[in-house]
Amino acid sequence: MAAGRATGAPEKLHWSSLLSTLRKSIRGLWGLFAGGAYLAVQGHWAVVVGLAILFAFVSVAAAVLRWTRFTFAITDDQVRIDSGIVSRTHRSIPFDRIQDVDITQGPVARLLGVARVKFETGGGAAGTDDGVLDAIALDRAETLRSLIRSRGAEIPASFDELPVEVAPIYSMSLQRLFLAGMFNFSLALFAFLFGATQTMGDAVGFDPFNRRFWQGLLATGSPIAAFLLAHQVAAAVAGLLILGLAGLATGVIRTVLRDFGFRVDRTETGLRRRRGLLTRTDVTLPVARVQAAVIATGPVRDRFGWRALSLQNLARDEGEKNGHLLAPLASDPEVDRILTELGWRDQSSDAQWRPVSACYVWLHLILLTPLFLIAVFQAFFFPLFGLIGCGFIAGAALTRFLAWRRTRYALDGDRLLVRTGWWRRRSAILPLSKVQSIDLTENVISRWFGTASLQFGVAGGAPFGIHGLPALGRETARNLRDKLLAGER
């Protein structure tokens with residue numbers, strides 16, 4: 001406990017937490033901004049200014065009131081958080097229930113010397129935080145983390161102490177960071193522009209996704225519109241190239257911002273991951289609480305031997321669907337090294353891989369048949385749309401077939417190995433001791449084909465806490481379930 005601070009004395013957050021509250025308020029008011037832009041174009045500036053003043057006053061008053069009513073206290077054995085304006089919430093988090101303490105610093109927080117502290121207990125509902133202190137002094141945050149780890153059940157005080165000379169077990173160079181960004185192709189920028197023009201295009205008079213916009217531009221005799229009309233094929237090709245470059249640039253930028261300085265170190269009882277350019281995150285994962293490993297790749301990445309490794313922990317990682325990302329772009333030897341640091345065997349094994357039933361494909365084809373018939377019928381009246389529809393359906397059927405060829409499972413000693421997917425390839429390593437539940441699922445169609453699906457529940461919270469095997473023979477599924485429940489290998 002810091003000098004001069006009494007044990008259990010209530011403390012307030014840093015005043016910069018007001019900025020976080022205001023940002024959340026603004027984020028949920030895009031509709032109001034669109035309405036304000038429309039009123040401004042119509043010339044109702046008095047209404048716009050009045051609404052802006054009213055919104056600013058209410059938002060600032062509510063933020064200040066929440067800040068004054070939010071306090072936290074550190075006692076000898078727990079963290080207590082009191083919050084709420086009208087309805088008060090008093091949350092107590094015992095030290096021995098805290099599985100992890102994450103410290104995050106955004107660019108503003110770095111300038112102000114504060115940090116966001118998140119307590120992970122694994123007991124919160126999906127999408128909710130177990131306990132968060134939005135902004136406290138950085139030295140106070142580090143002291144608090146050391147205190148909790150020194151008194152926690154499995155997290156010693158020296159958990160995150162790492163000599164500088166020790167090399168990380170995994171890190172990303174700038175070259176690999178850019179390569180990972182290229183694999184993370186994203187059209188998020190395009191989607192944002194499309195959404196913005198659909199929301200405010202009419203108000204600002206700019207909506208390139210609307211045919212009337214180009215017709216109006218042509219009517220004005222614009223040379224740009226005339227050029228695009230005269231060179232439609234070239235304009236379409238240039239548009240696709242620009243779209244592709246925008247997707248690559250967006251993927252690289254997002255990856256660099258998220259994973260810059262990515263580093264994983266081995267500590268006394270677990271792994272410590274640090275990453276981020278503008279927002280730095282510092283997350284620790286006790287080895288004893290890792291529930292499963294997910295190795296992801298795709299057709300292109302697999303061709304070059306690249307993988308992404310995530311670990312499922314009892315605590316959740318914000319923004320990640322498959323647990324804590326430990327290696328965004330890694331070779332097989334690098335993945336094996338991390339698994340070895342966990343005390344697990346590497347990926348290579350002599351396990352006998354078994355396929356799932358071909359009904360995995362047939363069930364999908366049955367569901368696609370009505371859509372295919374509609375597309376064929378449409379081709380007689382609208383050939384282009386009909387052919388496009390048939391192409392999409394054929395592509396979906398082919399993807400399903402390729403996924404079936406890769407979907408395999410194997411019992412490898414004390415672990416279950418599951419491979420699924422073709423475009424998004426996943427290999428899950430499930431220690432049998434960590435599998436908490438096994439659900440056998442059948443429906444009307446699967447009963448007709450004599451198949452069933454198995455779902456293996458692993459602690460970590462939905463959606464990444466469940467792994468499945470589709471379309472196994474009914475007897476095979478039941479025998480596998482009974483075998484695993486009985487602890488046989």
Side-chain angles (χ1 to χ4, degrees), residues 1-21 66-84 89-124 128-162 263 265 267-276 279-286 288-289 313-318 324:
M1 192 65 61
R5 185 179 282 111
T7 301
E11 304 176 44
K12 286 192 175 298
L13 299 177
H14 190 269
W15 61 265
S16 60
S17 63
L18 293 170
L19 301 177
S20 175
T21 304
R66 287 194 186 96
W67 177 70
T68 57
R69 299 285 287 166
F70 189 104
T71 60
F72 70 97
I74 311 301
T75 66
D76 291 332
D77 58 354
Q78 67 179 2
V79 178
R80 180 182 172 89
I81 299 176
D82 299 328
S83 61
T89 300
H90 307 281
R91 175 176 295 179
S92 297
I93 310 176
F95 288 166
D96 59 1
R97 300 291 178 86
I98 297 177
Q99 298 167 11
D100 197 9
V101 181
D102 299 342
I103 295 179
T104 305
Q105 275 192 295
V108 177
R110 287 191 194 181
L111 292 174
L112 298 175
V114 298
R116 180 178 185 263
V117 178
K118 181 179 177 182
F119 307 105
E120 291 279 13
T121 67
T128 63
D129 293 322
D130 295 330
V132 173
L133 304 178
D134 275 328
I136 63 175
L138 180 59
D139 56 349
R140 178 64 174 143
E142 292 172 345
T143 301
L144 181 55
R145 179 168 63 179
S146 298
L147 174 68
I148 291 174
R149 286 176 175 167
S150 67
R151 301 184 183 181
E154 300 178 14
I155 314 177
S158 56
F159 184 82
D160 62 336
E161 293 174 4
L162 179 71
R263 172 183 177 130
D265 296 294
T267 62
E268 281 190 21
T269 60
L271 303 176
R272 178 186 185 186
R273 185 200 71 190
R274 286 168 283 181
R275 66 174 179 176
T279 299
R280 291 288 292 173
T281 59
D282 187 343
V283 179
T284 51
L285 289 84
R289 297 186 177 183
N313 195 31
L314 290 175
R316 295 179 299 275
D317 191 8
E318 294 179 6
H324 288 79

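What you are looking at is a predicted structure, and each value in this text was computed from that prediction instead of being measured.
- Rounded to the nearest 0.5 angstrom, Arg280 CZ and Arg275 CZ are separated by 10.5 Å.
- Atom CZ of Arg91 is separated from atom OG of Ser83 by 7.5 Å, given to the nearest 0.5 angstrom.
- Taking every heavy atom of both residues into account, Trp67 and Leu18 meet most closely at CB-CD2, 3.5 Å.
- Separating the CG atom in Asn313 from the NE2 atom in His324 is a distance of 5.5 Å, to the nearest 0.5 Å.
- The side-chain heavy atoms of Ile93 and Phe72, taken from C-beta on, include no pair separated by under 4.5 Å.
- Annotation: salt bridge (charged side-chain N to carboxylate O under 4.0 Å, His left out) contacts of Asp139 (sequence neighbours excluded): none.
- Side-chain atoms of Asp282 and Thr284 include no donor-acceptor pair closer than 3.5 Å.
- Looking only at distances, no side-chain donor or acceptor of Gln105 sits under 3.5 Å from a matching main-chain atom of Thr281.
- For the atom pair CG of Leu285 and CG of Leu271, the computed distance is 6.5 Å after rounding to the nearest 0.5 Å.
- With sequence neighbours left out, the side-chain contact (heavy atoms from CB on, under 4.5 Å) criterion links Pro107 to Leu278, Thr279.
- Side-chain contact between Ile136 and His14 is absent, with no heavy-atom pair separated by less than 4.5 Å.
- Using a 4.5 Å heavy-atom cutoff, the side chains of Ile81 and Leu133 are in contact.
- Side chains of Val117 and Arg140 form no contact here, defined as non-hydrogen atoms less than 4.5 Å apart.
- Of all the heavy atoms in Gln78 and Ser92, the pair that sits closest is OE1-CB, 3.4 Å.
- Among all heavy-atom pairs drawn from Arg69 and Gly84, the shortest one is CB-O, 3.5 Å.
- Among Ile74, Ile103, Val101, the one residue that satisfies the side chain to side chain contact (heavy atoms under 4.5 Å, CB included) test with Leu144 is Ile74.
- Considering every non-hydrogen atom in both Ile98 and Arg289, the closest pair reads O-NH1, 3.9 Å.
- Looking at Asp134 and Phe70, their side chains never come closer than 4.5 Å, going by heavy atoms from C-beta outward.
- Of the possible polar contacts, none joining the Arg145 side chain to the Ala141 backbone as a donor-acceptor pair under 3.5 Å is found.
- Here the closest non-hydrogen pair linking Asp82 and His90 is OD1-ND1, 2.9 Å.
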